[in-house]
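Below is one structure, written out as structure tokens; the observations come after it.
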Amino acid sequence: MPDPAFDPWDPAFVADPYPAFAELRARGRVLYYEPSDQWLVPHHADVSALLRDRRLGRTYQHRFTHEDFGRTPPPPEQEPFHTLNDHGMLDLEPPDHTRIRRLVSKAFTPRTVERLRPYVHGLADDLVSRLVADGGGDLLRDVAEPLPVAVIAEMLGIPESDRAPLRPWSAEICGMYELNPSEETAARAVRASVDFSEYLRALIAARRREPGDDLVSGLIAAHDEDDDRLTEQEMISTCVLLLNAGHEATVNATVNGWWALFRNPGQLAALRADHSLVPSAVEELIRYDTPLQLFERWVLDEIEIDGTTVPRGAEVAMLFGSANHDPAAFTAPDRLDLTRRDNPHVSFSAGVHYCIGAPLARIELAASMAALLRRAPALRLAAEPERKPNFVIRGLKGLMVET
């Protein structure tokens with residue numbers, strides 16, 4: 001049984017889960033946690049291996065019914081959320097995952113990402129310039145949020161006039177990824193799923209009539225050697241996945257990272273003195289305070305971890321935050337070290353579900369960091385930030401700064 005210090009609903013734990021993770025690692029390699037009915041995996045080696053283990057899956061419905069798997073089907077009123085979620089790459093397994101990822105990769109190419117680089121850097125400079133002109137503000141609201149929202153929207157070809165609801169829709173849908181979400185959270189996610197899907201259905205119809213130089217047009221055009229194409233629902237789910245992942249991961253990585261820098265002034269001073277550290281700083285900050293703390297997989301075929309049998313039908317919770325602070329994988333893991341070179345963090349997952357947007361996220365994080373270092377060299381904290389109450393998706397409510 002996990003130590004009582006592990007409590008994803010306790011604000012003190014959410015504020016700093018890393019001491020509790022150390023206790024979990026000391027207690028064993030896999031531990032059953034009754035409140036969420038999950039097996040917790042806290043060690044880096046096990047997390048890394050299980051992310052690649054095909055006996056586990058993001059879904060089980062390609063092999064089993066809910067009843068066969070000993071699970072209760074989701075309530076009918078949540079159907080719009082599950083339809084949207086279950087047709088995206090993140091929650092599919094081969095062969096559907098393989099087919100969709102191959103088709104999406106035809107549109108979401110390295111060239112597509114590189115072509116966005118000047119846009120990303122220009123937008124980051126503009127946002128930071130406005131922050132500096134105002135003498136400071138909320139780094140979350142003024143830089144961290146608008147940058148990835150605009151970039152993904154630009155990539156998808158969503159007009160500027162339509163972008164305002166994207167972030168709220170994303171936040172409401174992502175509420176369902178927390179442990180044991182409430183009925184109110186589910187209702188908000190369902191409404192957002194319906195509205196988001198309706199918008200994207202209309203956008204896809206418009207791009208069918210008049211294709212453009214954007215990812216939605218690319219998804220419509222993508223097909224493989226058997227002329228297999230994405231269905232409309234798969235396109236909708238793919239766009240939502242890209243938007244949600246692009247928003248939540250990059251936004252939270254930005255503010256978590258700067259909050260860590262403000263708490264480690266020696267490392268911030270070193271970064272200000274040497275901007276060439278930006279690439280390794282991005283990797284270290286993603287490791288140090290991971291925006292995605294937990295990643296779930298279903299056990300499709302019984303597995304054994306350190307003599308403990310985890311049965312088919314169980315759910316495994318891989319603790320990314322704990323894995324990224326495991327001393328077996330990292331030297332002095334609780335120390336922020338922007339020069340760290342050996343950094344096998346799992347923040348972008350691994351295996352077939354490795355984050356397809358990782359290259360774009362790295363460009364965005366580096367662009368905003370470089371712009372802030374260059375244009376706001378004296379950036380400082382204006383007020384102690386407040387954490388969001390969420391555990392799985394880790395972030396701040398805001399980060400007030402002065403320039």
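Here the structure is a predicted model, which is why all the values come from computation and not from measurement. All heavy atoms count here, side chains included; hydrogens, waters and symmetry mates do not.
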Once the angle between the rings of Y60 and W298 is folded into 0 to 90°, is it parallel (under 30°), tilted (30 to 60°) or perpendicular (over 60°)? perpendicular
Regarding R380 and E402, does a basic nitrogen lie under 4.0 Å from an acidic carboxylate oxygen? yes
Going through the checks in order, is the side chain to side chain contact (heavy atoms under 4.5 Å, CB included) test met by I305 and W39? CA-CA 11 Å; I305 302 173; W39 292 84; over 6 Å; no
Step by step, work out the side chain to side chain contact (heavy atoms under 4.5 Å, CB included) result for I356 and L242. CA-CA 9 Å; I356 197 171; L242 292 173; 4.1 Å; yes
Donor-acceptor contact present, side-chain R207 to main-chain I220, <3.5 Å: no
Test your reading of the model: is there a side-chain donor-acceptor pair from S193 to the backbone of A189, 3.5 Å cut-off? yes
Donor-acceptor contact present, side-chain H97 to main-chain D91, <3.5 Å: no
Are the charged groups of D125 and R375 less than 4.0 angstrom apart, N to O? yes
Candidate pair E234 and R99, rule salt bridge (charged side-chain N to carboxylate O under 4.0 Å, His left out), full reasoning: CA-CA 11 Å; E234 288 167 350; R99 175 181 59 84; 2.5 Å; yes
Tell me whether the NZ or CZ atom of R287 lies within the 45° cone about the ring axis of F330 and under 6.0 Å from its centre. yes
Is it the case that the side chains of D162 and Y199 hold a donor-acceptor pair, with the cut-off being a distance below 3.5 Å and no angle test? yes
Ignoring hydrogens, what is the shortest heavy-atom contact between S170 and N244? Give both atom names and the distance. OG-OD1, 3.0 Å
Assign the ring pair F348 / H345 to parallel, tilted or perpendicular, where the plane angle (0 to 90°) is split at 30° and 60°. tilted
Go through the steps to decide whether L261 and L285 satisfy the test side chain to side chain contact (heavy atoms under 4.5 Å, CB included), and finish with yes or no. CA-CA 8 Å; L261 288 170; L285 291 166; 4.1 Å; yes
Charged N to carboxylate O below 4.0 Å: is that the case for E114 and R111? no
Donor-acceptor contact present, side-chain S368 to main-chain L365, <3.5 Å: yes
Heavy-atom closest contact (H87 atom, Q233 atom, distance): CG-CG, 3.6 Å
Smallest heavy-atom separation, V190 atom then P80 atom, equals CG1-CG, 3.9 Å
Hits for side-chain contact (heavy atoms from CB on, under 4.5 Å) against H62, two or more places apart or cross-chain, chain-then-number order -> T59, E93, L300
If you take all heavy atoms of I286 and N324, which pair is closest and at what distance? O-ND2, 4.3 Å
Do side-chain atoms of S280 reach the backbone of T339 as a donor and acceptor pair under 3.5 angstrom? no
For W259, is the NZ or CZ atom of R263 found under 6.0 angstrom from the centre of its six-membered ring and inside 45 degrees of the ring axis? yes
Does D138 reach the main-chain N or O of L399 with its side chain, forming a donor-acceptor pair under 3.5 Å? yes
N264 side, atom CG; L338 side, atom CG - distance, nearest 0.5 Å: 8.0 Å
Residues passing the side-chain contact (heavy atoms from CB on, under 4.5 Å) test with E386, sequence neighbours excluded, are K397
Sole candidate of Y177, Y354, F320 that passes ring pair (Phe, Tyr, Trp, His ring centres under 6.0 Å) when paired with F295: F320
Between E248 and R167, is the closest basic N to carboxylate O distance under 4.0 Å? yes
Quick one: sort the F21 and F391 rings into parallel, tilted or perpendicular, breaks at 30° and 60°. tilted
Could you check whether R312 pairs with D68 (Lys NZ or Arg NE/NH1/NH2 to Asp/Glu carboxylate O, under 4.0 Å)? no
Output yes when R25 and D46 qualify as a salt bridge under the 4.0 Å nitrogen-oxygen rule, no when they do not. no
Can you tell me how far the OH atom of Y288 sits from the CG atom of N343, to the nearest 0.5 Å? 13.5 Å
So how far is it from F6 CZ to L319 CG, rounded to the nearest 0.5 Å? 5.5 Å
Do the charged groups of E283 and R362 touch, with an N to O distance under 4.0 Å? yes
What's the spacing between Q267 CD and L336 CG if we round to 0.5 Å? 5.0 Å
Looking at residues at least two apart in the chain, or sitting in another chain, which of them share a side chain to side chain donor-acceptor pair (under 3.5 Å) with R188? E184
For H66 and P73, the nearest pair of non-hydrogen atoms, with its separation, is CD2-CB, 3.6 Å
Would you compute the distance between atom CD of E304 and atom OG1 of T308 and round it to the nearest 0.5 angstrom? 7.5 Å
Set of residues satisfying side chain to side chain donor-acceptor pair (under 3.5 Å) with respect to D86, sequence neighbours excluded: none
Between T254 and A144 (side chain of the first, backbone of the second, donor and acceptor by atom type, cut-off under 3.5 Å), is there such a pair? no
Is atom CD of E183 surrounded by more than 12 heavy atoms (other residues, nucleotides or ligands) closer than 6.0 Å? no
Between D214 (side chain only) and V216 (backbone N and O only), is there a donor and an acceptor less than 3.5 Å apart? yes
Does the side chain of T98 come under 3.5 Å of the side chain of R102 through a donor N or O and an acceptor N or O? no
Can you name the nearest heavy-atom pair linking I236 to I204, along with the distance? CG1-CD1, 3.7 Å
Apply side chain to side chain contact (heavy atoms under 4.5 Å, CB included) to the pair L372 and L139, showing each step before the final yes or no. CA-CA 10 Å; L372 285 161; L139 192 64; 3.9 Å; yes
Any donor and acceptor pair, going by atom type alone, linking the side chain of Q293 with main-chain N or O of T290 inside 3.5 Å? yes
Please assess E172 against R191 for the test salt bridge (charged side-chain N to carboxylate O under 4.0 Å, His left out), listing each intermediate value before the final yes or no. CA-CA 9 Å; E172 287 167 0; R191 285 194 300 271; over 6 Å; no
Can you tell me which residue pairs pass the ring pair (Phe, Tyr, Trp, His ring centres under 6.0 Å) test with a partner in residues 120-142, sequence neighbours excluded? none
Please report the interatomic distance OG1(T331) to CG(D337), rounded to the nearest 0.5 Å. 9.0 Å
Any donor-acceptor pair under 3.5 Å linking the side chain of S217 with the backbone of G212? yes
Going by the ring pair (Phe, Tyr, Trp, His ring centres under 6.0 Å) test, which pairs reach into residues 359-382, not counting sequence neighbours? none
Could you please spell out the steps behind the salt bridge (charged side-chain N to carboxylate O under 4.0 Å, His left out) verdict for R335 and E284? CA-CA 10 Å; R335 185 182 74 224; E284 173 68 348; over 6 Å; no
Is R29 salt-bridged to D306, cutoff N-O under 4.0 Å? yes
Answer yes or no: is there an ion pair linking D289 with R387, defined by an N-O contact shorter than 4.0 Å? yes
Assess whether a salt bridge exists between D96 and R101, defined as any Lys/Arg side-chain N lying under 4.0 Å from an Asp/Glu carboxylate O. no
